[in-house]
Protein chains: 2
Amino acid sequence: MLYAQEERRPEQFVRSPRTALQIEVAEGLVVPGFKMNFARDEEIYGAGEEADFVYKVISGVVRAHLILDDGRRQISAFLFPGDVFGLEPGDTHTASAEAVTECEIGLAKANTLRRAAAEDSMAALGLWDLTSRELLRVREHLMLLGRKSAAERVASFLLELTARSKDGKVSIPMSRLDIADYLGLTIETVSRTLSKLERDGTIALPTSRQIILTNRAAMSEAHA
Amino acid sequence: MLYAQEERRPEQFVRSPRTALQIEVAEGLVVPGFKMNFARDEEIYGAGEEADFVYKVISGVVRAHLILDDGRRQISAFLFPGDVFGLEPGDTHTASAEAVTECEIGLAKANTLRRAAAEDSMAALGLWDLTSRELLRVREHLMLLGRKSAAERVASFLLELTARSKDGKVSIPMSRLDIADYLGLTIETVSRTLSKLERDGTIALPTSRQIILTNRAAMSEAHA
DNA sequence: CGTGAGTTTGACCGAACTCAAATCATGTGG
DNA sequence: CCACATGATTTGAGTTCGGTCAAACTCACG
């Protein structure tokens with residue numbers, strides 16, 4: 001459902017203000033000099049910190065997460081090249097972000113963006129749209145965490161990863177622990193579920209970080 | 001954490017554009033004549049329908065939810081008086097909304113709001129802020145569904161319900177099924193967990209739709 | 001009162017967790 | 001280039017939490 005809706009959207013919005021803003025945001029975030037590299041597992045920002053910047057993945061993968069006092073972690077999203085994150089109307093970050101792999105991150109001053117949005121309503125509408133899309137994705141994730149079995153969660157995750165891939169051959173940039181914390185499972189359950197999918201001939205796992213969808217129909221059926 | 005952040009926010013924003021917009025939205029939604037009543041369990045809008053209106057709860061309680069093909073339902077939020085819902089930058093609703101109790105709902109034409117936002121960047125920023133707060137709440141819900149035990153989920157829910165109540169005496173407007181579908185549990189588990197809290201002396205349940213927090217400290221501890 | 005939906009309780013089951021060990025992969029120093 | 005050390009992943013055995021199925025109970029309403 002998530003995917004169906006997202007596929008429908010671009011057409012709806014061709015003449016909408018969002019397009020203009022996205023271009024603007026993208027440009028703002030790609031200005032040379034406003035670019036940083038982060039090492040694997042390095043923190044980009046922490047929850048509660050001042051939201052001085054807005055970020056955009058240029059290369060690599062980022063995770064956004066919340067942590068409970070006792071250390072339990074819930075990853076709310078993985079961010080891929082092109083994705084914008086750390087965008088807040090308020091002045092503090094409401095989640096943490098870390099590099100999953102080494103990555104290049106483009107930065108824009110949050111104040112610049114906020115000022116632009118205060119002066120230009122098209123810009124403000126663009127920011128709203130970005131946040132709104134994020135909300136849509138997170139709500140779909142709610143359904144996954146609240147109502148889907150382990151097998152369905154893993155299947156949904158693999159389909160997310162391979163959505164852009166034509167040949168169904170995809171590298172998995174994140175660890176089993178990251179996957180577990182994204183899906184609300186344990187690493188053992190994630191691993192066992194992947195093994196079962198492999199035994200069933202639905203996927204192949206040449207290495208633990210590479211998957212090949214050998215039976216996409218079976219996958220789609222599994223993810224509910 | 002959700003609550004801590006929300007409590008911090010109003011001060012941050014006193015001089016921000018959000019305040020102005022919220023007033024504007026509120027007024028737009030309260031115009032006499034643009035008001036409807038819904039009966040218990042009546043649908044307000046369905047996912048995929050045209051988003052012609054934006055809604056505001058005047059009295060009663062509303063639930064927003066997604067449904068899977070096989071009928072599994074995940075409630076993403078309960079809306080209480082003062083809450084705005086159905087706000088979308090796109091032109092279709094991305095979730096469904098139904099009346100939990102009989103309720104009075106204020107309506108604003110979505111196009112009017114969109115036009116206002118396109119002309120007035122303050123308005124647009126206000127819409128962004130509303131969506132952003134919703135995103136914050138939903139992300140906290142992700143943590144609950146992905147990482148918390150049944151006991152913690154129920155405790156969190158009860159604390160949400162009683163957050164505004166001074167005396168800890170609160171009526172529960174929704175059924176056990178609604179609670180279960182909000183917390184990602186079954187009605188039996190919800191019921192058993194409430195019974196256990198009552199046996200432990202943490203809450204009292206004079207009727208199934210009324211709770212009294214007799215030991216708020218124990219509750220707060222339980223919700224993690 | 002009697003009916004039926006909503007709720008609670010009980011008995012049992014199974015999916016996912018925990019703890020533990022084996023296996024695999026990766027990078028490092030000799 | 002190989003041997004080892006370290007962390008990541010997989011697999012196994014046993015447990016537990018929450019789900020399922022079924023029955024009893026409550027209560028609002030006709």
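Naming: A, B, ... by sequence-line order, numbering from 1 per chain. Because the structure is a prediction, the values reported are computed rather than measured. FYI, side chains are in, hydrogens and waters are out, and symmetry mates aren't considered; it's all heavy atoms of this structure.
Legend: ring-ring contact (aromatic ring centres under 6.0 Å, His included) pairs involving residues 203-222 of chain A, not counting sequence neighbours: none detected. Sorted by first and then second residue, the pairs that involve residues 171-222 of chain A and meet ring-ring contact (aromatic ring centres under 6.0 Å, His included), not counting sequence neighbours, are F78(A)-Y182(A), H141(A)-Y182(A), F157(A)-Y182(A). Within the structure, salt bridge (Lys or Arg N to Asp or Glu O under 4.0 Å) pairs that include any residue of residues 170-189 of chain B comprise R147(A)-D181(B), R63(B)-D178(B), R73(B)-D178(B), R73(B)-D181(B) (at least two apart or interchain).
For residues 204-215 of chain B, proximity to DNA chain D is found at no residue, defined as any non-hydrogen atom under 4.0 angstrom from a strand atom. Interface residues of residues 168-181 of chain A facing DNA chain C, ordered by number: none; criterion, heavy-atom separation under 4.0 Å.
For S165(A), the side chain to side chain donor-acceptor pair (under 3.5 Å) test picks out D167(A), with sequence neighbours left out. Contacts of F38(B) classified as ring pair (Phe, Tyr, Trp, His ring centres under 6.0 Å), with partners at least two apart in sequence or in another chain: none. Considering only residues two or more places apart in sequence or on other chains, R72(A) meets the side chain to side chain donor-acceptor pair (under 3.5 Å) condition with D70(A), E152(B). In this structure, S171(A) has no side chain to side chain donor-acceptor pair (under 3.5 Å) partners at least two apart in sequence or on a different chain.
In summary, E140(B) and R137(B) do not engage in a salt bridge, as defined by a charged side-chain N under 4.0 Å from a carboxylate O.
Distance L145(B) CG to dG18(D) C1': 15 Å, rounded to the nearest Å. Note: CD (E198(B)) to C1' (dT7(C)) measures 13 Å, nearest angstrom. Summarising the geometry, the separation between NZ on K196(A) and C1' on dG12(D) is reported as 17 Å, rounded to the nearest angstrom. Separating the CG atom of L194(B) from the P atom of dT7(C) is a distance of 11 Å, rounded to the nearest angstrom. In this structure, L197(B) atom CG and dT9(C) atom P are separated by 12 Å, rounded to whole Å. Here the C1' atom of nucleotide dT10(D) and the CD1 atom of I187(A) are 9 Å apart, to the nearest Å.
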List every contact pair, protein side and nucleotides 17-22 of chain C side both N or O, where the distance is under 3.5 Å.
| residue | atom | partner | partner atom | Å |
| --- | --- | --- | --- | --- |
| dC17(C) | OP2 | T186(A) | N | 3.4 |
| dC17(C) | OP2 | T186(A) | OG1 | 3.1 |
| dC17(C) | OP2 | T189(A) | OG1 | 2.4 |
| dT18(C) | O4 | R192(A) | NH2 | 2.9 |
| dC19(C) | N4 | E188(A) | OE2 | 3.0 |

Distances under 3.5 Å between protein N/O atoms and the N/O atoms of nucleotides 1-4 of chain C, please, pair by pair.
none

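The CG atom of N37(A) sits 8.5 Å away from the CD1 atom of I105(A) when rounded to the nearest 0.5 Å.
For the residue pair E43(B)/S96(B), the side-chain donor-acceptor check at 3.5 Å is not satisfied.
Panel note: side chain E221(A), backbone A218(A); no donor-acceptor pair is recorded below 3.5 Å.
Taking 4.0 angstrom as the limit, S149(B) places none of its side-chain polar atoms (N or O) nearer than this to OP1 or OP2 of dC17(D).
Ring geometry for F85(A) versus Y55(A): interplanar angle under 30°, hence parallel rather than tilted (30 to 60°).
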Solution key, residues 203-212 of chain B side-chain donor-acceptor pairs under 3.5 Å, sequence neighbours excluded:
| residue | atom | partner | partner atom | Å |
| --- | --- | --- | --- | --- |
| T207(B) | OG1 | R209(B) | N | 3.1 |
| T207(B) | OG1 | Q210(B) | N | 3.4 |
| R209(B) | NH1 | P173(B) | O | 3.1 |

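Nucleic acid contact class of S195(B) (heavy atoms, under 4.0 Å, all strands): sugar-phosphate only.
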